[in-house]
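Data block below; observations after.
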Amino acid sequence: MAVRNLSMSQVYAAHPEKKLTLYFLVLGFVAVIVGSLFGPFQALNYENVDAYPLLKRLLPFVQSYYQGLTLHGVLNAIVFTQLFAQAIMVYLPARELGLKPNMTLGWVSWWMAFLGLLLAALPLLSNDATVLYTFYPPLKGHWAFYLGASVFVLSTWVSIYLVLDMWRRWKAQNPGKTTPLVTYMAVVFWLMWFIASIGLVLESVLFLLPWSFGLIQGVDPLVARTLFWWTGHPIVYFWLLPAYAILYAILPRQAGGKLVSDPMARLAFLLFLLLSTPVGFHHQFADPGIDPLWKMIHSVLTMFVAVPSLMTAFTLAASLELAARMRGGKGLLGWIRTLPWDNPAFVAPVLGLLGFIPGGAGGMVNASFTLDYVVHNTAWIPGHFHLQVAGLVTLTAMGSLYWLLPNLTGKPISDGQRRLGLAVVWLWFIGMMIMALGLHWAGLLGVPRRSYIAQVPDAYPQAAVPMVFNVLGGIVLLVALLLFIYGLLSVLLQSRREVALAEAEVPFAEVISGPEDRRSVAAMDRIGFWFAVAVILVLLAYGPTLVQLFSNLNPVPGMRVW
Ligand code: HEM
Ligand SMILES: [Cu+2]
């Protein structure tokens with residue numbers, strides 16, 4: 001390596017957003033590690049093995065299965081996913097545009113996330129908010145939980161501002177040009193999240209906060225759930241799209257090829273802006289007090305929002321096939337072998353995508369109104385979403401360590417670390433597939449989700465076989481998790497730095513078609529217009545039901561049943 005004059009502190013002086021991104025990323029990985037520790041115990045529970053006496057000895061603050069499950073859901077699905085989104089969807093557009101985000105506000109967003117997390121963690125750890133990560137009233141947690149969670153989530157509104165501000169600055173310098181691809185994805189993404197987050201913000205401000213502070217006596221559970229699921233569906237796209245941005249913008253290059261279509265990538269993101277939010281009743285098919293006609297409308301809209309993921313499947317598969325053929329791959333399927341299976345940054349998201357195929361199929365089942373009555377609130381549901389968020393999203397994040405960490409810190413990945421990474425992502429993938437099989441199957445046999453079933457070992461004799469899969473998956477995942485912790489620490493804690501790695505560009509893929517496809521790209525670039533359409537769709541899909549619910553409020557008192 002040539003001798004360089006720059007030091008790491010000079011790199012950080014020129015690119016302070018690297019440090020900010022690193023802080024978001026590391027905090028996110030701490031969250032997913034702590035949250036996932038409960039996972040294998042839950043998987044054992046779904047094999048009728050009660051390992052909680054052991055867990056309580058290891059972690060004496062844990063009072064119950066359900067406190068552990070609350071921590072698992074909150075830390076993995078809310079905290080980790082959001083911090084990863086804030087890292088990726090601010091850093092990538094900043095590097096693409098060559099602009100610095102407003103650093104003061106950048107750090108404000110990090111501190112809001114950190115302090116909100118700390119505040120919410122106190123009642124979670126002291127067993128004063130064992131209400132799961134959906135916190136449905138009338139289950140009543142400690143006020144610090146709702147306040148901390150609110151501050152944590154509001155930190156994303158600062159991220160929204162950071163990206164819109166960079167976009168505005170870029171447009172002022174480049175009048176008449178279309179938005180660059182990754183920035184387009186990020187802008188559309190953050191606008192989608194703004195519309196999506198309003199439901200949860202309303203639920204908190206109007207009900208949960210005043211209620212937990214003792215200012216109002218009760219909450220109407222139906223209104224609370226309706227506002228919750230306004231956000232609760234699109235939040236999964238908020239988890240997913242940072243991974244998609246990596247899959248579109250970076251993975252094709254790591255595969256040795258190019259992205260086959262820039263306009264198709266934009267169209268997928270635009271459809272997510274339009275369709276992510278007005279679909280939440282698919283989480284309320286079993287709720288009373290919501291008109292079946294509206295449930296049907298949301299069911300159809302939910303099928304539409306599957307379209308951009310199906311498009312993504314084609315665009316990415318074509319890009320990977322192209323990469324393989326550029327590397328000399330031949331035959332109908334033989335090309336698959338020529339892909340870089342020795343690179344964990346490639347392998348992790350691709351395995352995640354494989355698991356996403358049955359994951360997406362299950363999602364279409366859940367969305368099909370009456371079919372949901374077969375699987376609703378059974379173990380099928382966690383089977384489904386572990387393929388999505390614990391599979392594709394988490395694997396893509398794990399894989400990003402192998403290009404993003406060197407880019408942020410200058411710390412190199414050694415050959416041994418790369419091989420360990422390969423073992424981690426394969427084990428994680430295999431474990432998730434086995435567990436998902438067990439959970440889907442047990443769900444079809446009527447085993448409920450969110451249940452300490454190991455305490456009633458004779459209750460579900462019909463599910464003896466699938467439960468074996470749960471325990472096998474759980475053990476594989478425990479090994480994967482421990483190796484992941486070791487691997488992450490060994491990369492982060494090494495003292496070696498190669499400044500050139502941190503100075504290198506983000507490995508954005510080249511595109512084959514576009515943005516010279518001017519007409520469609522220009523139409524999609526009218527982002528203000530599409531944002532307005534998205535708002536109108538939400539008002540149409542939610543307005544009538546919410547007006548009716550708000551004019552018939554039936555607040556009920558809170559309960560603490562743990
Ligand atoms: C070691 C890896 C993991 C294992 C073994 C595991 C296992 C499980 C099991 C068995 C359940 C069902 C518990 C129940 O319904 O009573 C569950 C719930 C859940 N898991 Fe995981 N999980 C893991 C990692 C993750 C990750 C990485 C995420 C998200 C990024 C995640 C998100 C969730 C969520 C949101 C729930 C639902 C919590 C609730 O119902 O309140 N899990 N997990
Ligand atoms: Cu949903």
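Quick caveat, the model's predicted, so the values are computed rather than measured. Atoms within each ligand, like the ligands themselves, are counted from 1 in listed order.
Not a single heavy atom of Trp239 sits less than 4.0 Å from an atom of ligand 1. Ligand 1 lies within reach of Thr394, whose nearest heavy atom is under 4.0 Å from it.
What sits closest to atom 39 (C) of ligand 1 on the protein, heavy atoms only, is Arg450 NE, 3.2 Å. Of all protein heavy atoms, the one lying nearest to atom 9 (C) of ligand 1 is Gln42 NE2, 3.6 Å. When hydrogens are left out, the protein atom nearest atom 28 (C) of ligand 1 is Asn76 CB, 3.4 Å; that is the closest non-hydrogen contact. Atom 7 (C) of ligand 1 has Met435 CE, 3.5 Å as its closest protein atom, hydrogens excluded (heavy atom only). Counting protein heavy atoms only, atom 18 (C) of ligand 1 is closest to His386 CE1, 3.5 Å. When only non-hydrogen protein atoms are considered, atom 1 (C) of ligand 1 lies nearest to Leu477 CB, 3.7 Å. Of the protein's non-hydrogen atoms, the one nearest atom 4 (C) of ligand 1 is Gly39 CA, 3.4 Å.
Nearest N/O/S atom of His72 with respect to atom 21 (Fe) of ligand 1 is recorded as NE2. When distances from the Cu ion (ligand 2) to the N, O or S atoms of His283 are compared, NE2 comes out shortest. Counting just the N/O/S atoms of His233, the one with the shortest distance to the Cu ion (ligand 2) is named ND1.
Note: Phe80 and Phe29 have tilted aromatic rings, judged against thresholds of 30 and 60 degrees for the angle between ring planes. In this pair, Phe272 and Phe269 present their aromatic rings perpendicular. The plane angle is above 60°, beyond the 30 to 60° band. Ring geometry for Phe135 versus Phe145: interplanar angle over 60°, hence perpendicular rather than tilted (30 to 60°). Between Tyr237 and His233, the ring-plane angle classifies as perpendicular under the 30° and 60° cut-offs.
Here's the thing with Tyr65: one of its N/O atoms is less than 3.5 angstrom from an N/O atom of ligand 1. Below 3.5 Å of separation, one finds no N or O of Asn45 facing any N or O of ligand 1.
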message: Using side-chain hydrogen bond (donor to acceptor under 3.5 Å, both in side chains), reason through Gln284 and Thr226 one step at a time and then give a plain yes or no.
response: CA-CA 8 Å; Gln284 298 183 278; Thr226 305; 3.3 Å; yes
message: Go through it in stages, so that I can follow the logic: the residues are Trp230 and Thr277, the test is side-chain hydrogen bond (donor to acceptor under 3.5 Å, both in side chains), and I'd like the CA-CA distance, side-chain angles, deciding distance and then a yes or no.
response: CA-CA 6 Å; Trp230 165 323; Thr277 308; 5.5 Å; no
- prompt: Going through the distances and angles, do Ser451 and Tyr65 end up as a side-chain hydrogen bond (donor to acceptor under 3.5 Å, both in side chains)?
  reply: CA-CA 8 Å; Ser451 300; Tyr65 178 81; over 6 Å; no
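The heavy-atom pair separating Gln82 from Ser155 by the smallest distance is NE2-OG, 4.0 Å.
Residue Phe41 does not touch ligand 1, judged by heavy-atom distances below 4.0 Å. Under 4.0 angstrom from ligand 1, the non-hydrogen atoms of Ser451 all belong to its backbone.
The option from Phe484, Phe385, Trp428 that lies nearest to atom 2 (C) of ligand 1, judged by heavy atoms, is Trp428.
Outside the 6.0 Å centre-distance limit, the rings of Trp193 and Phe189 are not counted as a close aromatic pair.
Side chains of Gln86 and Ser109: no donor on one and acceptor on the other come within 3.5 Å. A donor-acceptor contact under 3.5 angstrom links the side chains of Tyr452 and Asp50, judged on distance only.
Atoms of ligand 1 found under 4.0 Å from any heavy atom of Arg449, numbered from 1 in the order shown, are 15 (O), 37 (C), 39 (C), 40 (O). Close contacts between ligand 1 and Ala77 involve ligand atoms 35 (C) [criterion: under 4.0 Å to a heavy atom].
For the pair Arg418 and Tyr402, the cation-pi criterion (under 6.0 Å, within 45° of the ring axis) is not fulfilled.
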